[in-house]
K.L.:
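One structure follows; several queries about it will come next.
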Amino acid sequence: MNSPQRNPVGDLNDELRSLVAEIGGVSRDFSSTAHFYTSLGIPSVKALHLLMGLEERFDIQIPDADFVEATSLERLHALISRLLAEKTR
């Protein structure tokens, strides 16, 4: 009997929020439009850990130029969604 495969996207927003909160050391209740660095105070070294964690978790490569533009949960969600969609093509 095959066990059902987990949808890699699942609840992407919730998963991304959890990763940002865990790695960034912030509360999960931040606004989806809050700027990771200026509003939440996430230091750049933790942003690098977030980048590596995202790439490992979703088995994707995130271009640096795209990642530096993903400065909020909303933008990060759009980026990861796009990269996951490209991966499945």
Side-chain angles (χ1 to χ4, degrees):
M1 174 181 206
N2 291 339
S3 60
Q5 287 189 335
R6 182 177 178 274
N7 180 346
V9 175
D11 185 1
L12 182 59
N13 194 58
D14 190 53
E15 193 160 356
L16 292 174
R17 180 178 295 279
S18 292
L19 281 169
V20 170
E22 179 184 331
I23 294 171
V26 298
S27 171
R28 282 184 42 90
D29 64 356
F30 61 88
S31 166
S32 63
T33 59
H35 193 283
F36 291 153
Y37 313 113
T38 59
S39 298
L40 300 178
I42 297 175
S44 58
V45 70
K46 287 189 177 183
L48 290 175
H49 288 136
L50 178 60
L51 172 62
M52 292 183 293
L54 291 165
E55 289 181 333
E56 182 178 320
R57 165 61 190 95
F58 296 106
D59 192 30
I60 55 175
Q61 292 295 312
I62 304 172
D64 292 344
D66 291 342
F67 184 72
V68 298
E69 295 297 320
T71 56
S72 68
L73 184 62
E74 197 172 77
R75 288 180 175 197
L76 184 61
H77 185 278
L79 171 62
I80 300 302
S81 293
R82 178 177 58 83
L83 293 173
L84 287 172
E86 289 172 2
K87 179 181 169 183
T88 61
R89 285 188 210 171

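We're numbering straight along the sequence, starting at 1.
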K.L.:
Ignoring hydrogens, what is the shortest heavy-atom contact between A65 and E69? Give both atom names and the distance.
P.N.:
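Shortest heavy-atom contact: O-CG, 3.4 Å.
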K.L.:
For a side-chain contact (heavy atoms from CB on, under 4.5 Å) check, start with the C-alpha distance between H77 and S81, then their side-chain angles and the critical distance, and finish with the verdict.
P.N.:
CA-CA 6 Å; H77 185 278; S81 293; 3.4 Å; yes
K.L.:
Would you find a donor on one side and an acceptor on the other, under 3.5 Å apart, between the side chain of R17 and the backbone of F30?
P.N.:
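Yes, because the side chain of R17 sits within donor-acceptor range (under 3.5 Å) of the backbone of F30.
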K.L.:
Quick check for you: to the nearest 0.5 Å, what is the distance between E74 atom CD and L16 atom CG?
P.N.:
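Those atoms lie 12.5 Å apart.
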K.L.:
So which pairs with a foot in residues 23-43 pass salt bridge (Lys or Arg N to Asp or Glu O under 4.0 Å), sequence neighbours left out?
P.N.:
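Checked against salt bridge (Lys or Arg N to Asp or Glu O under 4.0 Å) - neighbours excluded - the pairs reaching residues 23-43 are D14-R28.
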K.L.:
What closest approach, in Å, do Q61 and P63 show between heavy atoms, and which atom pair accounts for it?
P.N.:
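What the structure gives for the nearest pair is O-CD, 3.5 Å.
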K.L.:
side-chain contact (heavy atoms from CB on, under 4.5 Å), that's the test. Do I80 and F58 meet it? Break it down for me.
P.N.:
CA-CA 8 Å; I80 300 302; F58 296 106; 4.2 Å; yes
K.L.:
Less than 4.5 Å apart, side chain to side chain, heavy atoms only: is that true for L50 and F67?
P.N.:
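Side-chain contact under 4.5 Å: yes.
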K.L.:
Could you tell me the separation between the OG atom of S32 and the CZ atom of R75, rounded to the nearest 0.5 Å?
P.N.:
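Output value for this atom pair is 12.0 Å.
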K.L.:
Looking at CG of L51 and OG of S44, how far apart are the two atoms once the value is rounded to the nearest 0.5 Å?
P.N.:
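Rounded to the nearest 0.5 Å, the CG-OG separation comes to 12.0 Å.
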K.L.:
If you define the side chain from C-beta out and look only at heavy atoms, does anything of L54 sit under 4.5 Å from L76?
P.N.:
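Answer yes - side chains close enough.
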K.L.:
Are the side chain of T88 and the backbone of A85 linked by a donor-acceptor contact shorter than 3.5 Å?
P.N.:
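It does hold such a pair.
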K.L.:
When rounded to the nearest 0.5 angstrom, what distance separates CG in L79 from CD1 in I60?
P.N.:
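That separation rounds to 7.0 Å.
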K.L.:
Do any pairs count as a salt bridge (Lys or Arg N to Asp or Glu O under 4.0 Å) and have a residue in residues 31-52, sequence neighbours left out, and if so which ones?
P.N.:
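Not a single pair qualifies under salt bridge (Lys or Arg N to Asp or Glu O under 4.0 Å).
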K.L.:
Taking side chain as C-beta onward, heavy atoms only, is I42 less than 4.5 Å from I23?
P.N.:
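No, too far: nothing below the 4.5 Å cut-off.
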K.L.:
I'd like to check the salt bridge (Lys or Arg N to Asp or Glu O under 4.0 Å) partners of E86; sequence neighbours left out, ordered by chain and number.
P.N.:
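E86: salt bridge (Lys or Arg N to Asp or Glu O under 4.0 Å) contacts with R82.
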